[in-house]
Asks: 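This is the structure, below, for whatever I ask next.
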Amino acid sequence: EPEVTQTPSHQVTQMGQEVILRCVPISNHLYFYWYRQILGQKVEFLVSFYNNEISEKSEIFDDQFSVERPDGSNFTLKIRSTKLEDSAMYFCASSREGLVDTQYFGPGTRLTVL
Amino acid sequence: AQSVTQPDIHITVSEGASLELRCNYSYGATPYLFWYVQSPGQGLQLLLKYFSGDTLVQGIKGFEAEFKRSQSSFNLRKPSVHWSDAAEYFCAVGSSGAGSYQLTFGKGTKLSVIP
């Protein structure tokens with residue numbers, strides 16, 4: 001069964017550094033998402049992406065964040081200058097045309113900012 | 001704005017016992033409702049979903065959920081719990097149809113299973 005994959009599984013970085021989290025969505029899916037879960041808190045929506053542009057973003061997704069689909073398979077989340085409060089589990093998800101609401105999630109990348 | 005409440009943070013049941021996890025939502029129109037499960041170190045796996053029609057929906061791993069509009073609830077049930085069901089369970093609501101596909105999650109309910 002096809003699944004969403006994410007790399008790395010765990011990323012440790014220093015405050016102020018740039019990080020790129022990578023995701024490979026399910027191959028025939030056209031809608032892509034990033035969510036995050038701060039330890040002990042609920043999963044929160046960050047951004048959705050369709051047709052090579054952001055379709056929706058939350059208040060969390062400020063100018064420090066960006067997303068990109070650099071090729072036909074990868075979907076990335078970049079944080080330009082990490083803060084301590086960016087430490088969280090980041091989940092990528094994807095869904096397909098005609099069944100957009102059914103989102104399939106990857107295993108997550110745990111980001112630790114020191 | 002839509003929201004989801006899962007009133008139980010942690011539930012412990014004995015293996016073989018029945019299970020009900022509560023979920024209440026707030027949404028202006030007919031919601032799209034989901035239950036996801038997260039095992040330790042794993043991602044979120046979709047258990048089941050409700051879009052419309054029959055209010056009792058069946059999912060994977062023997063789970064089912066019932067949509068009750070009058071109570072704004074979408075409780076998850078399983079008649080006989082297995083030790084492998086120990087995980088965290090998240091209820092979520094989607095707002096498709098309003099041009100938005102983001103999911104809003106509850107805080108989750110952690111399920112422990114006693115052998």
Side-chain angles (χ1 to χ4, degrees), chain A residues 1-10 21 23-26 29-51 54-61 67 88-110, chain B residues 1-10 23-27 29-53 57 59-61 67 74 87-110:
Chain A
E1 184 179 329
E3 57 185 24
V4 177
T5 59
Q6 291 184 243
T7 54
S9 57
H10 191 188
L21 309 183
C23 168
V24 179
I26 295 173
H29 286 190
L30 300 177
Y31 295 80
F32 313 116
Y33 314 83
W34 284 101
Y35 290 79
R36 80 171 186 190
Q37 184 182 28
I38 295 173
L39 188 64
Q41 300 187 23
K42 59 175 67 177
V43 177
E44 301 172 290
F45 170 78
L46 292 178
V47 65
S48 60
F49 190 87
Y50 172 70
N51 201 24
I54 291 173
S55 48
E56 189 176 15
K57 60 183 181 180
S58 71
E59 293 178 351
I60 303 167
F61 194 87
V67 289
M89 180 74 89
Y90 289 81
F91 293 105
C92 174
S94 67
S95 59
R96 67 173 177 86
E97 196 87 57
L99 209 57
V100 179
D101 302 275
T102 304
Q103 298 179 20
Y104 294 88
F105 284 75
T109 293
R110 178 164 298 286
Chain B
Q2 60 205 44
S3 66
V4 175
T5 302
Q6 293 181 248
D8 303 305
I9 297 173
H10 191 183
C23 171
N24 294 96
Y25 68 89
S26 172
Y27 183 64
T30 299
Y32 288 29
L33 294 161
F34 305 83
W35 275 99
Y36 284 85
V37 60
Q38 184 181 27
S39 298
Q42 304 295 312
L44 296 163
Q45 182 182 21
L46 179 65
L47 280 177
L48 48 77
K49 59 188 179 184
Y50 170 79
F51 286 176
S52 64
V57 293
I60 62 171
K61 303 185 181 188
F67 170 61
F74 188 58
E88 190 147 22
Y89 292 80
F90 294 92
C91 181
V93 61
S95 56
S96 180
S100 167
Y101 299 110
Q102 65 173 282
L103 297 180
T104 299
F105 285 83
K107 286 189 173 183
T109 298
K110 184 175 180 180

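In the text below, chain A, chain B and the rest are named by the order of the sequence lines, each starting its count at 1.
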Asks: Please indicate whether Glu97(A) has more than 12 foreign heavy atoms, meaning atoms of other residues, nucleotides or ligands, lying under 6.0 Å from its CD.
Replies: yes

Asks: Given a strict heavy-atom distance threshold of 4.5 Å, which part of Gln6(A) is in contact with chain B: side chain, backbone, both, or neither?
Replies: neither

Asks: Please classify the contact between Lys107(B) and chain A as side chain, backbone, both or neither, with a heavy-atom cut-off of under 4.5 Å.
Replies: both

Asks: Within this structure, what is the SG-NZ distance for the pair Cys91(B) and Lys42(A), rounded to the nearest 0.5 Å?
Replies: 10.5 Å

Asks: Quick one: side-chain hydrogen bond (donor to acceptor under 3.5 Å, both in side chains) partners of Glu44(A), sequence neighbours excluded?
Replies: Arg36(A)

Asks: If you measure from OH on Tyr33(A) to CD on Gln102(B), what distance do you get to the nearest 0.5 Å?
Replies: 10.5 Å

Asks: Measure distances from Tyr31(A) to the heavy atoms of chain B and classify the residue's part below 4.5 Å as side chain, backbone, both or neither.
Replies: side chain

Asks: Less than 4.5 Å to any heavy atom of chain B: does that hold for the side chain of Thr102(A), its backbone, both, or neither?
Replies: both

Asks: Would you indicate whether Ile9(B), at its atom CD1, is surrounded by more than 12 heavy atoms from other residues, nucleotides or ligands within a distance under 6.0 Å?
Replies: no

Asks: What's the spacing between Gln37(A) CD and Glu88(B) CD if we round to 0.5 Å?
Replies: 6.5 Å

Asks: If you look at every heavy atom in Tyr35(A) and Tyr101(B), which pair is closest and at what distance?
Replies: OH-O, 4.3 Å

Asks: Can you say whether Gln38(B) sits under 4.5 Å from chain A via the side chain, the backbone, both, or neither, judging by heavy atoms?
Replies: side chain

Asks: Is it the backbone or the side chain of Leu46(B) that comes under 4.5 Å from a heavy atom of chain A, or both, or neither?
Replies: side chain

Asks: Pick from Phe90(B), Tyr36(B), Phe51(B): which one has the most heavy-atom pairs with chain A under 4.5 Å?
Replies: Tyr36(B)

